[in-house]
Amino acid sequence: MFGNGRNGKNGKEGQNGVSNGAIIALTGIRKVYDTGAVKVEALRKVDLEIKRNEFVAIVGPSGSGKSTLMNIIGCLDTATEGSYRLRGEEVAGMSIDRLSDIRNRRIGFVFQNFNLLPQLTAFENVEMPLLFKGAPAKERRERVETLFEQVGLADRMQHRPVELSGGQMQRVAIARALACEPDIVLADEPTGNLDSAAGSDIIGKFEELWAKGHTLVLITHDGAIARRTRRIVHVQDGTVVDDAPAA
Amino acid sequence: MRALALIARLFRSAAKIQRKRMILTVTAIAWGTVAIILLLSFGEGLKRSLQTGRRGLGENIVIIWMGETEKAYAGLPAGRPIRLLPEDVDLVLASVPEIASAAGEMHNWNVQLVNRRTALNKRVVGVHPAYEELRTSYPQSGGRYIDEMDQKLKRRVVFLGDQLAKDLFDGADPVGMTLLVADTPFTVIGVLQKKRQMGMYGGPDADRATIPLSTFEAMFGRRYLSNLVYKPTADALAPVAKRHLMEVLGAKYRFDPADTRVLEFWDTIEDSKMMNAIMIGLEAFLGVIGALTLIIGGVGVANIMFAAVTHRTREIGVQMALGARRLYITGSVVLESLALTFAGGAVGIGIGATIVQILAAVQARVKSEAMEFLGTPTISIPIAVTTVTLLGLIGLLAGYFPARRAVSVQPAEALRFE
Ligand SMILES: Nc1ncnc2c1ncn2[C@@H]1O[C@H](COP(=O)(O)OP(=O)(O)O)[C@@H](O)[C@H]1O
Ligand SMILES: [Mg+2]
């Protein structure tokens with residue numbers, strides 16, 4: 001069976017990821033890092049389904065495989081074994097460019113260390129996914145401006161990342177993640193480098209996104225943050241050990 | 001456009017970090033470009049010099065000397081000398097359709113030429129009028145060459161080599177003047193245009209006097225030709241022309257047309273084919289040396305691009321995570337590599353062209369045989385095209401492999417890079 005806790009209410013709809021509305025469906029996912037001498041089994045037999053407009057926290061001790069899991073969900077890496085269906089489509093075997101397009105249009109990323117390009121202005125950083133999408137200049141401009149208003153940084157668009165605070169950088173990163181209006185937003189410890197006020201502010205933004213219908217997956221080891229989501233998946237030693245609605 | 005601007009921005013900031021290496025690499029490419037341009041333009045100069053030098057003898061002509069039979073034929077013994085007559089020129093022209101033009105030539109190696117108090121013993125040749133074009137013996141303006149009327153009327157007219165004219169007339173214009181040729185007064189009708197002559201037999205054309213063949217026969221009591229010069233209708237037909245000529249003359253003089261000792265042929269068409277082959281070899285050799293120098297620069301570019309790609313692994317990872325396709329990443333790396341290569345190439349072409357121009361200017365001033373033989377270094381369009389193509393190729397390759405490495409890692413791995 002897939003998952004645990006939440007499966008009861010819609011298990012009757014069958015195990016097909018599409019028919020029961022699962023946007024993300026991992027089955028028997030295994031990931032082995034082969035670093036020459038040592039092989040690290042970062043994930044072993046992970047089954048996980050996430051439905052549209054869920055707000056999920058992935059928690060677990062350091063080194064348990066959370067980031068590895070998120071990379072696979074985000075098509076940033078491929079599984080060694082197992083099946084991953086994204087919106088009902090098997091990801092394994094997709095071309096590199098197809099995966100790029102999926103990341104471009106379907107998935108937004110927010111990283112712990114922001115990953116903004118320091119040479120570019122905030123505006124240009126947010127514009128990048130739209131460039132890769134091939135959006136015309138006018139559309140890009142309007143979209144980027146809207147996004148900056150949305151994250152409350154309309155007056156910081158021409159700043160370089162170094163001229164922004166951590167919280168502001170993460171808000172730029174959220175704007176960038178939303179640029180191509182993805183269904184899914186993945187965040188790997190987005191508050192890890194922020195003080196608690198800024199962190200709380202960022203989680204507030206995620207709550208807004210969830211309210212707007214986005215599907216959110218959030219890695220954290222901060223219990224307080226996990227409790228603000230709707231579902232908590234516990235990962236340990238490369239596998240899901242607990243999966244329950246947030247209290 | 002905007003994507004290009006983005007690439008340029010990222011490139012500039014990477015360039016800042018690797019400035020020293022970049023300058024070194026651009027210098028290496030520039031140096032390679034200078035080397036290839038100099039080598040090729042010297043080759044080109046030499047080629048042109050050889051071409052004009054060979055043109056001095058005549059363009060694609062065949063010169064015949066007379067020998068003796070080696071084989072017995074039709075009851076006649078071997079070792080029989082065969083001598084051609086002036087009328088054989090007409091016979092050959094009439095009977096061998098592959099021969100476009102022909103002229104007979106007789107030599108007298110030691111004839112006294114006297115202009116007032118200047119007396120010189122020089123070579124005098126008698127020729128048919130067609131000799132003018134066959135042996136590129138064109139007159140300077142104000143004069144003319146021997147023509148059909150001169151030949152028909154056995155006129156006492158003389159055409160002087162330019163060096164000889166200078167020696168006899170001390171720089172004055174000799175056209176219309178009288179010159180004593182073996183004590184007989186001749187009228188000078190023209191002076192040879194200065195030409196560079198590399199192939200020659202019996203001395204340079206510049207240092208002899210030429211008179212009509214008919215006049216020569218009468219004056220010196222000669223019957224036989226020293227040489228027969230002809231030009232085939234087309235280079236490719238030269239072997240056919242030769243075979244037909246041997247058949248026609250063999251029938252007349254009763255020798256075996258396959259007898260190779262009867263007539264000796266100097267085929268300048270064969271010569272020029274060989275010369276072209278040698279020149280192509282030389283150019284290829286110089287080109288390869290230049291290209292190798294350039295390739296060394298290219299390795300530098302590739303190295304820098306590898307370093308840049310490694311240095312920017314994370315940046316590339318971010319771009320991939322945001323949906324950059326493979327072509328965008330590889331394209332930007334290759335573009336940067338091309339930019340570096342062509343920056344070096346532009347500097348190199350500038351320096352190379354300047355050096356070539358300076359050398360050409362120096363050479364125009366300093367007159368020496370050796371320099372004249374070497375020719376003027378020349379940048380031809382093929383050289384420019386070759387150089388730019390090579391630069392482009394090297395830039396592409398130097399970018400391609402690092403670019404491939406850049407996209408060979410999973411975005412997740414690239415993002416982990418410190
Ligand atoms: N690229 C990699 N190469 C080798 N080992 C890796 C790599 N990425 C992660 N790991 C290992 O896989 C395990 C899970 O890592 P990770 O998914 O980053 O855990 P978490 O995010 O939960 O801290 C760890 O033991 C880590 O050292
Ligand atoms: Mg992690």
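All chains are named by letter (A, B, ...) in the order of the sequence lines, taking the proteins before the strands, and each is independently numbered beginning at 1. Side chains included, hydrogens not; waters and symmetry mates left out as well; all remaining heavy atoms used.
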(message) Heavy-atom count check: over 12 atoms from other residues, nucleotides or ligands less than 6.0 Å from B:Phe306 CZ?
(response) yes

(message) Just so I know, are the side chains of B:Leu322 and A:Arg176 near enough to count as touching, which here means a heavy-atom distance under 4.5 Å?
(response) yes

(request) Measure the spacing between CG of B:Leu415 and CZ of A:Phe111 and express it to the nearest 0.5 Å. (result) 5.0 Å

(request) Please say which of A:Leu99, A:Asn71, A:Thr78 ends up in a side chain to side chain contact (heavy atoms under 4.5 Å, CB included) with B:Gln410. (result) A:Thr78

(message) With chain B as the partner, which of A:Asn104, A:Leu76, A:Leu117, A:Ile72 has the greatest number of non-hydrogen pairs under 4.5 Å?
(response) A:Leu76

(request) Answer yes or no: does atom NE2 of A:His221 have more than 12 heavy-atom neighbours from other residues, nucleotides or ligands under 6.0 Å? (result) no

(message) With heavy-atom distances below 4.5 Å as the criterion, would you say the side chains of B:Met320 and A:Ile96 are in contact?
(response) no

(message) Give me the atom names and distance for the closest heavy-atom approach of B:Ala324 to A:Ser100.
(response) O-OG, 3.1 Å

(message) More than 12 heavy atoms of other residues, nucleotides or ligands under 6.0 Å from CZ of B:Arg404: yes or no?
(response) no

(message) Does B:Phe417, at its CZ atom, have more than 12 non-hydrogen atoms belonging to other residues, nucleotides or ligands within less than 6.0 Å?
(response) yes

(request) With a 4.5 angstrom heavy-atom cut-off, could you sort out which part of A:Leu120 is near chain B: side chain, backbone, both or neither? (result) both

(request) Kindly give the heavy-atom pair with the smallest separation between B:Ala321 and A:Arg103, and that separation in Å. (result) O-CB, 3.4 Å

(request) Answer yes or no: does atom CD1 of B:Ile278 have more than 12 heavy-atom neighbours from other residues, nucleotides or ligands under 6.0 Å? (result) yes

(request) Evaluate the criterion side chain to side chain contact (heavy atoms under 4.5 Å, CB included) for residue pair A:Asp77 and B:Glu413; output intermediate values, then yes/no. (result) CA-CA 8 Å; A:Asp77 208 345; B:Glu413 203 179 317; 6.0 Å; no

